Q: 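Following this message is one structure expressed as structure tokens.
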Amino acid sequence: MLHPGNWLAAIDGLSRIPAILVLGLSLSMLVFGLRFFRYYLLMGIGLGGWLLGTMLAGKMYVEGWYVALPNALILIGIALPFSKYGPPTAAGLLAGCGVGTIATNVLDVGPFWMAFAIGLFGGVVMAVIAPRFTTVLFCATCGAAGAIASVGAALRTSKGWLAPGAYVDYPVVYVIAGATLFITAMIVQVALEPDAQAGR
């Protein structure tokens, strides 16, 4: 569940309409992430609540949205007063998952949870020290990854760079595209929101 590769695979496995929505959301995050970070965070919490509600509905043998909709609204309502703590929480979770995955699957240097804890601590500290930079970094990372994972599922060409799963078949192309999106997003977000208090 905490492996970023699984997040990409889940997005790539979406049907066309949800994939188009994810692609649009990811592209908007690349541009407006710093300005509307709090709302993106609440949307993410609502989506998590919806997915959890859908799982619960399956256990209860009722229509999915009967449980998913109130569950999403309740979680958003609970999170709203605490949204000012969003940047440290989100940055810590993303850093923990990234460091844990790299340490376990790439470097093979230790258990996932130890590396996750180190990454979580580092992400939270970084968000507290430099909240504006961390918010931009988080939105650029998530937006670029979401766009890369969803573009194939959204366009659904039969083969080539824009087919589902193409980011696995053409890693060099997508690394270059992701790096370009990431760097551009870092510049654009700051240019659109120059106020030092933005994103808090």
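These numbers come from a predicted model, not from an experiment. For the single chain, residues carry numbers from 1 onward in sequence order.
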Q: If you compare all heavy atoms of Gly143 against all heavy atoms of Ser26, which two are closest, and at what distance to 0.1 Å?
A: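 Here Gly143 and Ser26 meet closest at O-CB, 3.4 Å.
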Q: Quick one: pull up CG in Leu75 and CG in Leu42 and give me the separation to the nearest 0.5 Å.
A: 11.0 Å
Q: For Pro164 versus Arg156, what's the shortest heavy-atom pair and its separation?
A: CG-NH1, 3.7 Å
Q: Between Leu181 and Leu30, is a side-chain contact (heavy atoms from CB on, under 4.5 Å) present by the stated rule, with each step listed?
A: CA-CA 8 Å; Leu181 286 174; Leu30 290 171; 3.9 Å; yes
Q: Where do Leu41 and Ala90 come nearest, in terms of heavy atoms and distance?
A: CD1-CB, 4.3 Å
Q: Do Ile176 and Tyr170 make a side-chain contact, defined as non-hydrogen atoms from C-beta onward lying under 4.5 Å apart?
A: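 Counting from C-beta outward, Ile176 and Tyr170 never come under 4.5 Å.
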Q: Are Trp113 and Phe121 co-members of a hydrophobic cluster defined by side-chain heavy atoms under 4.5 Å apart?
A: no
Q: Show the nearest heavy-atom pair for residues Gly178 and Ala144, with the distance to one decimal.
A: O-CB, 3.9 Å
Q: Honestly curious: do Val136 and Ile183 fall in one hydrophobic cluster under the side-chain, below-4.5 Å linking rule?
A: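 Same cluster.
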Q: Would you give the length of the straight line joining atom OG of Ser28 to atom CZ of Arg35, rounded to the nearest 0.5 angstrom?
A: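 Interatomic distance, Ser28 OG to Arg35 CZ, rounded to 0.5 Å: 12.5 Å.
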Q: Measuring only between side-chain heavy atoms, which start at C-beta, is Leu93 closer than 4.5 Å to Thr89?
A: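 The answer is no; the side chains never approach within 4.5 Å.
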Q: Going from OH on Tyr167 to CD1 on Ile148, what distance comes out if it is rounded to the nearest 0.5 angstrom?
A: 10.0 Å
Q: What donor-acceptor contacts under 3.5 angstrom involve side-chain atoms of residues 16-24, with partners at least two apart or in another chain?
A:
unit_1 : atom_1 : unit_2 : atom_2 : d
Arg16  : NE     : Ala154 : O      : 3.1
Arg16  : NH2    : Leu155 : O      : 2.9

Q: Do Val190 and Arg132 come within less than 4.5 Å of each other through their side chains, counting heavy atoms only?
A: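 Side-chain contact under 4.5 Å: yes.
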Q: Search all heavy atoms of Ala127 against all heavy atoms of Thr134 and return the closest pair with its distance.
A: CA-OG1, 3.4 Å
Q: Working to the nearest 0.5 angstrom, can you tell me the gap between Leu137 CG and Leu94 CG?
A: 8.0 Å
Q: So which heavy atom on Ala115 is nearest to which on Gly100, and how close?
A: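 Looks like CB-CA, 3.7 Å.
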Q: Among the clusters formed by ILVMFWY side chains lying less than 4.5 Å apart, do Met126 and Leu34 turn up in the same one?
A: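 Shared cluster, yes.
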Q: So if I apply the ring-ring contact (aromatic ring centres under 6.0 Å, His included) rule between Phe138 and each of Phe133, Phe37, Phe182, which one comes out positive?
A: Phe37
Q: Tracing side-chain links under 4.5 Å among I, L, V, M, F, W and Y, which residues wind up in one group with Val188?
A: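 Same cluster as Val188: Leu25, Met29, Val31, Phe32, Phe36, Tyr39, Tyr40, Met43, Leu192.
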